[in-house]
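The structure under discussion appears below in the form of C-alpha cells.
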Amino acid sequence: MNSTPSPDVVIIGAGPCGLTLANLLGTLGVRTLLVEQHAVDALQIADRAYVMRRGRIVMSGTGTEMLGRLDEIGDSYLAGGDRSPTPRP
C-alpha cells in the first residue's frame with residue numbers, strides 16, 4: 001500500500017516559472033509534483049525527490065539529501081551536465 005498522497009497539481013518542465021510556481025504552491029500547502037530536468041534548482045525547493053530510470057524509482061530522499069548525492073544521480077539526469085543553479089532574471 002502506497003502511503004504517499006496524490007498531488008493536487010502536476011508541473012512538468014516549466015523552467016524557472018514552474019519552479020517559482022511549485023515553490024509558491026508548496027508554501028500554501030498544495031501538494032505539488034514537479035517534473036524538472038534542472039535537478040539542482042528543483043532539489044533546492046523539494047520536500048521529497050525521486051530519480052526514475054525506465055519507469056522505476058531508483059533513488060529517493062529529501063531535496064537536501066539528494067543535493068548531497070548529485071554524483072550518484074549522474075550527469076545523465078542533470079540538464080546539460082551542469083550542476084549549478086539556473087541564473088534568475
Side-chain angles (χ1 to χ4, degrees):
M1 186 169 162
N2 187 353
S3 63
T4 304
S6 296
D8 297 314
V9 175
V10 177
I11 301 172
I12 300 173
C17 291
L19 289 165
T20 300
L21 179 59
N23 196 29
L24 173 63
L25 292 173
T27 62
L28 297 173
V30 177
R31 294 177 307 225
T32 305
L33 172 62
L34 174 64
V35 180
E36 178 58 58
Q37 68 177 348
H38 296 279
V40 173
D41 296 325
L43 292 172
Q44 289 176 344
I45 65 168
D47 292 326
R48 295 285 311 160
Y50 303 89
V51 174
M52 297 182 73
R53 182 176 295 133
R54 296 188 176 142
R56 297 196 184 273
I57 296 171
V58 296
M59 191 181 304
S60 66
T62 67
T64 302
E65 289 169 349
M66 297 300 278
L67 276 169
R69 298 173 68 186
L70 289 177
D71 287 338
E72 290 178 64
I73 294 171
D75 289 345
S76 63
Y77 291 101
L78 302 175
D82 185 4
R83 295 184 179 163
S84 59
T86 302
R88 302 281 185 231

Does one hydrophobic cluster hold both Val35 and Val51, with members joined at side-chain heavy-atom distances below 4.5 Å?
->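 No, Val35 and Val51 fall in different hydrophobic clusters.
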Linked, directly or transitively: Ile11 and Val30 (ILVMFWY side chains, under 4.5 Å) |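 Shared cluster, yes.
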Report yes if some heavy atom in the side chain of [X] is under 4.5 Å from a heavy atom in the side chain of [Y]; otherwise report no.
| X | Y | value |
| --- | --- | --- |
| Met52 | Val58 | no |
| Ile45 | Leu34 | yes |
| Gln44 | Leu19 | no |

Excluding sequence neighbours, so at least two apart, what forms side-chain hydrogen bond (donor to acceptor under 3.5 Å, both in side chains) with Arg31?
->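 If we apply the side-chain hydrogen bond (donor to acceptor under 3.5 Å, both in side chains) test to Arg31, skipping adjacent residues, the hits are Asp8.
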Leu33 CG to Leu25 CG distance, which is reported to the nearest 0.5 Å =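 Between atom CG of Leu33 and atom CG of Leu25 there are 12.0 Å.
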Rounded to the nearest 0.5 Å, what's the gap from CE on Met66 to CD on Glu72? Could you check?
->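 Between Met66 CE and Glu72 CD, I get 8.0 Å after rounding to 0.5 Å.
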Grab the two heavy atoms, one from Arg48 and one from Ser60, that are nearest each other, plus how far apart they are.
->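 Shortest heavy-atom separation between Arg48 and Ser60 comes out as NH2-OG, 3.7 Å.
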Which atoms form the tightest heavy-atom contact between Leu67 and Val40, and what is the distance?
->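 Closest heavy-atom pair between Leu67 and Val40: CD2-O, 4.0 Å.
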Donor-acceptor contact present, side-chain Thr64 to main-chain Thr62, <3.5 Å |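 A pair under 3.5 Å: no.
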Does the side chain to side chain contact (heavy atoms under 4.5 Å, CB included) test come out yes or no for Leu21 and Val9, once each step is laid out?
-> CA-CA 10 Å; Leu21 179 59; Val9 175; 5.8 Å; no
